[in-house]
Every structure is written in structure tokens, then in C-alpha cells.
Amino acid sequence: MSRTAFRIPAPPEVVVAPARLLGQVVRALGHRFPPSDRLFTQMHNVGNNSAVFISVTLGFLGLILVYQGCVQTLKVLPDLSGVGAAFIFAMVRTFGPTITGMMIATRVGAGIAAEIGSMTVTDQIEAMKVANSDPVSYILGPRFVSCVVMTPILWVFGTLVGVLFGYLMGHWRFGIATQTFLDLGLVSYHDVVIGFLKALSYGIVIPVLAADAGFKARGGSEGVGWATTTAVVNASFAVIVLDFVISTLSFLLGY
Amino acid sequence: MEAAAELLDIRKELSGTRVLDGATLSLAAGRIHALVGPGGSGKTLILKTLCTLLPPDSGQVVLFGEPVDFLAPEGLRRTRARIGVQFQNLALFDFLSVRDNVAFPLEADASAAPPQDVERRVLAILDAVRLPGAAALEIQSLSGGMQRRVAIARAAVSDADFLVFDDPSGGLDPVTTSRIFALISEIQARRRCTVVIASHDIDRLARVCEDFHVVEGGRVIFSGTLAEGRNHADPRVRTFLDVTDART
Ligand SMILES: Nc1ncnc2c1ncn2[C@@H]1O[C@H](COP(=O)(O)OP(=O)(O)OP(=O)(O)O)[C@@H](O)[C@H]1O
Ligand SMILES: [Mg+2]
């Protein structure tokens with residue numbers, strides 16, 4: 001009988017490569033921080049590209065969640081006073097950060113992967129390397145910082161938009177009073193911290209996964225297409241996984 | 001004569017195919033070398049290996065007398081500071097202006113030139129490639145030939161000891177082609193640097209290059225003067241270097 005020793009499987013390349021890239025970009029940023037004008041351009045890109053997208057998505061989500069919440073509640077109780085508080089709690093802690101993260105993964109992640117991918121397949125990345133410019137620092141650096149800064153800001157923005165639309169639904173369609181609906185009673189300090197941590201972690205992983213796909217692009221426009229798709233798939237998946245991990249950890253730690 | 005750049009038995013596989021198959025090449029310092037060979041023979045890959053951008057699977061790259069260690073960033077940095085490259089597909093930064101593209105090697109590596117020199121050098125090299133006044137233009141607004149000249153300017157803007165030109169005349173009209181080759185040989189004469197040019201234009205190469213290297217199937221099958229090549233025993237070398245044949 002053959003005895004195979006139990007071995008912890010090595011983490012797959014899809015995790016290792018981005019982790020290495022994250023280490024590189026953090027080190028590069030510690031070494032040289034991007035100039036503020038380039039940083040501002042990138043932040044504007046991230047914010048501008050996603051604000052409308054996030055508003056529309058979270059706005060509709062707010063409308064739907066409150067509508068469904070009210071309809072379902074009315075089946076068992078004639079009392080809608082708890083809907084607003086539960087809805088706001090869910091928005092702050094889960095839907096706000098995660099839907100924002102998903103939208104940024106698709107919108108910004110695809111953009112970063114397409115940009116870096118086309119620079120890779122047209123040898124621009126090699127041209128940088130031979131000129132002794134570090135593409136990780138020069139190209140990914142500003143995009144990374146702007147995603148890390150903008151994702152939490154967009155989380156706040158998206159959550160507010162979602163809550164606003166949910167309130168409009170609750171108030172106008174179901175007649176819930178403003179004070180009753182906008183009840184922050186269920187939202188604790190911890191929920192805000194967890195929502196923020198989720199948004200922050202998405203802001204960290206999305207640009208790194210997108211850039212990793214972009215740097216790996218090979219061939220012509222096909223390679224850029226591959227990089228874009230891979231970035232969106234990996235980044236969206238990472239958002240879901242991180243949501244699950246952070247939620248589980250916070251649950252286990254009793255927050 | 002001392003070699004500025006050497007490849008020793010380089011092997012490389014890309015996506016499962018052997019693209020460099022024991023390539024050995026020695027580029028004598030201070031001369032202009034021609035790298036010729038049929039399309040797809042491996043010229044571009046050899047040039048990329050020479051400028052430290054394509055780590056080989058096996059074999060050794062020796063630049064400026066020192067073996068290149070692809071895992072030593074500091075050593076690579078010092079070596080790359082001495083290399084200027086014009087890529088076959090130009091690889092211009094489409095998000096930067098002409099001026100910023102050409103200045104890129106100087107600004108990315110502060111040791112390449114003192115900051116107060118950057119402007120003067122950029123303007124001088126743009127003048128040399130006959131693009132005066134193009135500094136403020138966007139890359140996308142240039143014609144293919146103009147872009148190629150910007151790429152050549154970017155390769156030659158620093159005081160590199162080793163200049164690599166991959167198809168500098170691709171898509172250029174004959175007059176500009178002649179000027180580009182003249183410019184390359186002028187830069188070389190002035191700086192005494194080592195230059196390698198990959199091109200299909202045997203005619204024009206013959207006017208500026210002393211040494212010819214013929215690539216075929218991922219290896220260098222001939223190195224020597226044009227006259228030697230034309231009398232070589234291997235018919236592939238003879239055919240390829242024969243101007244009349246190469247034209248048809
Ligand atoms: N990334 C890659 N993956 C697989 N094969 C590749 C790759 N890059 C190049 N090749 C193959 O390597 C060979 C040599 O390519 P290379 O670009 O060096 O040719 P070349 O001599 O420069 O041709 P040309 O004169 O057309 O520029 C070709 O057959 C090409 O198909
Ligand atoms: Mg080529």
C-alpha cells in the first residue's frame with residue numbers, strides 16, 4: 001500500500017501572483033509615492049467612471065429591497081416600522097460595500113486590465129522596464145492608491161443613495177414615516193467598521209487582480225480581451241469571497 | 001575585438017514552442033551590426049534577449065563584459081541604463097505626448113541625464129529625426145512613419161552604449177528610410193557606441209553596417225561581412241544576403 005504523506009496543497013497561482021504583486025506595489029509606494037496630479041487623475045477616473053453606475057445599481061437595489069421587505073412583512077404583520085432599520089443595517093454592512101465592490105470590480109477593474117493589457121501586448125511595459133522605470137510603481141501605483149481611497153468613499157456614497165431610494169419607496173409607496181424609516185437603531189459602530197473594512201479590502205484587491213490580468217496579457221487584442229474578462233471574473237469573485245470571509249470572521253468574533 | 005553584447009547558446013520556449021534554439025551571437029563593441037533573416041526567424045526575440053527583456057530558459061547573456069543575472073534587480077538596472085531600444089511595434093506610450101515619450105528614458109532614470117539637460121537633449125534628438133516642433137503633439141495624431149521616428153528618438157536620446165533598432169525603416173518611405181539609416185550611423189560615429197539593426201532592407205544595411213548576422217529558425221547561422229556571407233557555403237545565407245534575391 002502506498003503511503004502518501006499529507007501535504008498542504010500549495011496555494012494556486014491565481015492567489016500567489018496577485019499576492020506578490022500586492023507586495024510589490026506596496027513596497028514601490030513606500031519607496032516613491034505617485035505625484036498628486038497623476039493620483040488625482042486616477043481618482044477622478046475611478047470616481048467618475050463608477051458614481052453614476054453605482055447610484056443606479058444601489059438606487060434600484062434600495063427600491064427593490066424595501067418593496068420586497070414591505071410586501072413580505074405585510075404577509076405576516078401589519079406593522080412596517082422595523083423595515084427601515086433592518087434595511088439600513090443591511091445596506092451599511094453588506095449591500096452597500098459589496099454591491100459597490102462588484103460595480104468597481106466590473107467598471108474600474110475592466111478599465112485597469114484593458115489599459116495595462118494593451119500596454120503589455122504593445123510592448124509598452126517592456127519599454128518602461130528597459131528605461132528603468134518600474135511599471136508596477138508607475139502604472140499600478142496611482143491606480144492602486146486611487147482605488148484604495150475611492151472605494152470606501154463610493155461605499156458611503158452608494159449606501160446613501162441606496163438608503164435614499166429605499167426611503168422613497170418606503171415613504172411614498174408604503175407610507176412609512178420618515179423618522180420611523182430612517183432609524184439607525186440597528187446600526188452599531190461595529191457595522192460601520194465592518195462595512196468600511198469590506199470596502200477597503202475590495203479597494204485593495206480589485207486593482208491588484210486587474211493589473212495582474214493585464215500584465216499577463218499575451219498576443220494582440222485577443223490578449224487584451226482575455227485580460228479584461230479575467231480581471232472582471234476574478235475581481236468579482238474576490239469581492240464575494242472577501243464579503244463571506246469578513247462576514248464570517250466578524251460573526252465568529254461576535255461583532 | 002571586445003564584444004559589447006554576447007549570447008551563448010540561448011534556448012527559449014514560448015507557449016510550448018522552441019523559439020530560440022541555441023542562439024549564439026557576439027556583437028563587437030563600437031560597430032554597427034545588421035541582424036537579418038526571414039520573417040519569424042527570431043530576430044525580435046534575439047534583440048529582446050540582448051536587451052535583458054527576455055530571460056532565456058538556458059544559456060547566457062553577456063553585456064558589456066558581464067554575464068547578466070536576470071534575478072538581480074540592481075545589476076539589471078545598471079545594465080539597462082546603458083541600453084536604448086526601438087521596438088518593432090514602437091511601444092510608444094500612447095498616454096504621453098511626443099516630448100514626454102522621448103524624455104521618458106531620461107526622466108525615469110535620473111542617472112541618465114541631469115534634469116536641466118533633458119529639454120535640450122529632447123529637442124536635439126527630435127531635430128535629428130526631423131520632427132522639430134512635434135514635441136507637444138499627441139502620439140495618436142502622428143502618422144506611422146512619424147511615430148517610428150519618435151521611437152527612434154526615444155531609443156537614442158540617452159547616452160546609451162548599446163543601441164538596438166528593430167526594423168527602424170518598417171513602413172517608412174525611401175527618403176526617410178535613408179535619413180534614418182544615415183542618422184543611426186551618424187549617432188554611432190559620434191558616440192562610438194555599439195548598434196544592432198534588424199531589418200529586411202539589405203541594400204541600406206549594406207551601406208551602414210560592417211557586420212552581418214543571419215538568423216534562421218531561432219539561431220544565428222552566419223556572422224561575418226556581407227562579402228563573406230555572399231560566398232558562404234550555406235545556400236540559405238547566400239540567398240538571404242543576396243540583394244537581388246532579397247528584393248524579389
Ligand atoms: N509570445 C510568443 N509565443 C509563441 N511564439 C512566439 C511568441 N513570440 C514570438 N513567437 C514565435 O517566435 C518566432 C520568432 O519571432 P520573432 O518575432 O523573433 O521573428 P522576427 O524574426 O522578428 O520576424 P519579423 O521579421 O517578421 O519581425 C516566430 O515564429 C513567432 O511565431
Ligand atoms: Mg521582428
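The sequence lines fix the lettering, A, B, ..., with proteins before strands; numbering per chain opens at 1.
The minimum heavy-atom distance between B/Ala108 and A/Ala131, with the atom names listed, is CB-O, 3.5 Å.
Heavy atoms closer than 4.5 Å to chain A are found in both the backbone and the side chain of B/Phe93. Heavy-atom distances place the backbone of B/Leu92, and not its side chain, under 4.5 Å from chain A. Within the 4.5 angstrom heavy-atom criterion, only side-chain atoms of A/Met119, from C-beta onward, approach chain B. For B/Leu96, the part sitting under 4.5 Å from any heavy atom of chain A is the side chain, from C-beta outward, and nothing else.
In the displayed structure, A/Phe244 atom CZ is contacted under 6.0 Å by at most 12 heavy atoms of other residues, nucleotides or ligands.
Proximity to chain B at a heavy-atom threshold of 4.5 Å picks out nothing from residues 195-208 of chain A.
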Just by distance, which donor-acceptor pairs between chain A and chain B come in under 3.5 Å?
unit_1   : atom_1 : unit_2   : atom_2 : d
A/Asp123 : OD1    : B/Lys48  : NZ     : 3.2
A/Asp123 : OD2    : B/Lys48  : NZ     : 3.1
A/Gln124 : NE2    : B/Asp94  : OD2    : 3.3
A/Glu126 : OE1    : B/Lys48  : NZ     : 3.1
A/Asn132 : ND2    : B/Arg77  : O      : 2.8
A/Asn132 : ND2    : B/Asp109 : OD2    : 2.9

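Checked options B/Leu76, B/Val85, B/Val164; the residue passing with A/Val130 is B/Val85 (criterion: side chain to side chain contact (heavy atoms under 4.5 Å, CB included)).
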